[in-house]
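This report concerns only the one structure given below.
So you know, we letter chains A, B, ... as the sequences are listed, proteins then strands, and number each from 1.
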There are 2 protein chains.
Amino acid sequence: MWHCQEVPASLSPVRQSGVRAHNLALVLRTVANSADPPSRAAVAAATGLTRATISTLVDDLIAGALLTEVGPAPRSGAGRPAAGLRLSPDGPAGLGLEINVDYRAACVVDLTGSVRHRLVEKGDQSLPAVAGLAHQALLRASSDGLTVAGAALAVPGLVGAGGIIRVAPNLGWQDVTVGDLVPGLPLTVDNEANLAALGELAAGDPPASFVYVSGEIGIGAGIVLGGELYRGVRGWSGEIGHIPIDPGGPPCRCGARGCLEQYAGQEAIARAAGDLTVAGTALGTALATVVNLLDIDTVVLGGIYAPLVPQLHDAIQAEISRRVLTADWSPVRLRAATLGADAAVRGAAGAVLRGVLDDPAAWLSRIQAV
Amino acid sequence: MWHCQEVPASLSPVRQSGVRAHNLALVLRTVANSADPPSRAAVAAATGLTRATISTLVDDLIAGALLTEVGPAPRSGAGRPAAGLRLSPDGPAGLGLEINVDYRAACVVDLTGSVRHRLVEKGDQSLPAVAGLAHQALLRASSDGLTVAGAALAVPGLVGAGGIIRVAPNLGWQDVTVGDLVPGLPLTVDNEANLAALGELAAGDPPASFVYVSGEIGIGAGIVLGGELYRGVRGWSGEIGHIPIDPGGPPCRCGARGCLEQYAGQEAIARAAGDLTVAGTALGTALATVVNLLDIDTVVLGGIYAPLVPQLHDAIQAEISRRVLTADWSPVRLRAATLGADAAVRGAAGAVLRGVLDDPAAWLSRIQAV
DNA sequence: GCGGATTTGTTTAGTGGTTGAATTATTTGG
DNA sequence: CCAAATAATTCAACCACTAAACAAATCCGC
């Protein structure tokens, strides 16, 4: 009784060092979330920790090049002027990589979220080609004096445990192991829609829970719940392309009939030649199911849908209002992705940085060891 | 940049007392999850904390009547015999309440998961009647010497913030405030499917992520992700009754056509008079969507479906295998709920106990204050 | 232009909680 | 009956945070 197979993350003890790790992350996050560079005192007030504690935490974070002091902001009123704190542009950077049907891309993003380098190349969808692009990006980063903390690779397919690409239909891949793509750097492999959702979370200003819909040849979704990407048990969440719309509809490559992909996939959109009513209605029907199930209030449309939102909006919204039971109490917002085609690479780089921001203590001890 | 509107729960500082609170919960959970009563040394080994620390933590938990020592288990080999630890049956108990279309129920469950009292009455679906039942249950509990830590009420409807019942169609309720149903006890109000899912999580042996499908007059789902109930942004997750199955199907009371409820709701099941192929296929189609979206590998069928699983199983499973893209790599398991009609009340009581188990420090300081 | 008010940031003593080693307790086996 | 083995407790040390005093740097009023 009272046991389930996998116990939540709370199954690890907390020692005093864990307290410090947590509070380092707390301070870093507070600074990152502040609009203007906050003072130590402001961070103390925001977090509830004392100024003394904040001082020692900030010292560590500055020593690790995660934060920098910025000149005192002009302020009215009496008192010693505050030294502003902000994320350091010279701290760890993230390397984002993407391999897709007709291009591959890399970008280097620093802690402040600035894209420092961005490379896109067409053709040659192979892992060595991606490795080459990554190498180029790393060279440029190191010529800037940037330390790259890690890399993440976005692929249009199902990624299993250990970063194995189970199947990427549009690349023709099956059970591909990525291996040591970027020597010496920790590498994460993830689904393109998942990373794009993270990119949107970081760069756009969505609520903590939303669904990112990635329209490409297939249709995928990245699900963010409470500020965290929901990956599912095996990492294969968000497969919405084959939600059935009409059992009497056109046959789909998956074997069933009338899947969403047949109405709103890239090919269907192209065939529609501008009249996106059917696609919008199908998308709206599928999204109504998603919203009813997950009770999220924001849907972000990305990929090929992003530029089409003006034409899709009304049909989707109509269907959602009609089918979502709770639409009367809380309207569902529909918006276009802000990053467009870059969402996945940017999200990949952001995922690396998110790792550093979420556990700065690990980063500090990592650079200490060197 | 790097900010989202609602920051995750990590936005609170951790002081030393927080460490103790966390570790108290860790020890309690470890004992609860162990098959046999573990010794302090075993708990230390399992958690990674030292035996010294475990001793002081266990002292607090025993003083608070959350744990008890049980006589030394027969053991082979040399050495001082261990004192076994187990959850105390004399500790805090949970009061579960349920109001439904044709009955109301109450039960008292102790920390070990034993149902100590159980009351069911038919008719009179009113809050005062529930209050009366609750009062009876509390009397019986106190005559056992049990301290009831809190109560939870399961209702067949949408529950909003503050425990307001937004709408319970089958009770004919709208915007009902529950108020002080059980004087002096903290009361939680939640959706019936959500609490039933929690009941199943505690009493059955499901994996950490699963979906509980509650078939009643409407069809609802309780979603458990990583051992935690997923409630959604507004608390209205799991509305699967109106997933569209066939746009040309029979009209539904919601205004759309061919909703799942029309094929697998209580009335449709009754009409089907034993032939559940259509209902099973419709359920399978809807569940395939759920599985594709959430990537969970277990579906628990409860409510009216629980006794019908033998007849429903094949049709559902066939549809899932056909429509779930990843079914080849990881089969989806389908099982009947173990608690049957009691799932929601039991889950409600369990939710109270879960609160104590997740934060024993709060309970300890609460009984300290008295 | 000078003293007080005010706010920032640092220093220092104190406290809570964990660690690690030593100690005590209780059994089995030779 | 003593040695080996395992369980649990005690105690000094340490780490991170708190509270309060202190130092630094500015504004304001006269």
Which sits closer to the 5' end of DNA chain C, B:Thr56 or B:Arg51, going by the nucleotide each is nearest to? B:Thr56
[X] has an atom [atom1]; how far is it from atom [atom2] of [N], in whole Å?
X: B:Asp59; N: C:dG17; atom1: CG; atom2: C1'; value: 14 Å
X: A:Leu57; N: C:dT10; atom1: CG; atom2: C1'; value: 14 Å
X: A:Leu61; N: C:dG9; atom1: CG; atom2: P; value: 15 Å
X: B:Asp60; N: C:dT18; atom1: CG; atom2: P; value: 10 Å
X: B:Leu24; N: C:dG16; atom1: CG; atom2: P; value: 16 Å
X: B:Leu85; N: D:dA7; atom1: CG; atom2: P; value: 12 Å
X: B:Ile54; N: C:dT18; atom1: CD1; atom2: P; value: 9 Å

Which part of the nucleic acid, if any, lies within contact of A:Ala83, taking any heavy atom under 4.0 Å across all strands shown: a base, the sugar-phosphate backbone alone, or nothing? sugar-phosphate
Taking any heavy-atom pair under 4.0 Å as a contact, classify A:Ala41: base, sugar-phosphate, or nothing. sugar-phosphate
Could one point to a donor on the side chain of A:Arg40 or the base of C:dG9 with an acceptor on the other under 3.5 Å away? no
Looking at the base of C:dT7, is there any donor atom on it, or on the side chain of A:Arg80, that sits under 3.5 Å from an acceptor on the other one? no
Here the gap from B:Leu146 atom CG to B:Asp144 atom CG, rounded to the nearest 0.5 Å, amounts to 5.0 Å
Compare side-chain N and O positions of A:Ser55 against OP1 and OP2 of C:dT10 and report whether any pair is under 4.0 Å apart. yes
Between C:dG20, C:dG9, D:dA8, which nucleotide gets closest to the side-chain atoms of B:Thr50? C:dG20
From C-beta outward on A:Ala78, which listed nucleotide comes closest to its side chain: C:dG9, D:dT9, D:dC27? D:dC27
Expected rows: protein N/O vs nucleotides 12-16 of chain D N/O, under 3.5 Å:
| from | atom 1 | to | atom 2 | distance (Å) |
| --- | --- | --- | --- | --- |
| D:dA16 | N3 | B:Gln16 | NE2 | 2.7 |

State which residues pass side chain to side chain donor-acceptor pair (under 3.5 Å) with A:Gln16; sequence neighbours excluded, sorted by chain then number. none
Side-chain contact test, heavy atoms from C-beta onward, threshold under 4.5 Å: evaluate it for B:Thr53 versus B:Arg51 and give yes or no. no
Pairing donors with acceptors under 3.5 angstrom, does anything connect the side chains of B:Asp190 and B:Thr188? no
Determine whether A:Asp297 and B:Arg234 satisfy the following criterion, salt bridge (charged side-chain N to carboxylate O under 4.0 Å, His left out), listing intermediate values before the conclusion. CA-CA 9 Å; A:Asp297 60 3; B:Arg234 303 281 195 296; 3.2 Å; yes
For the pair A:Arg20 and A:Asp60, find out whether any cationic side-chain nitrogen is under 4.0 Å from an anionic carboxylate oxygen. yes
B:Asp36/B:Arg86 ion pair, N-O < 4.0 Å: no
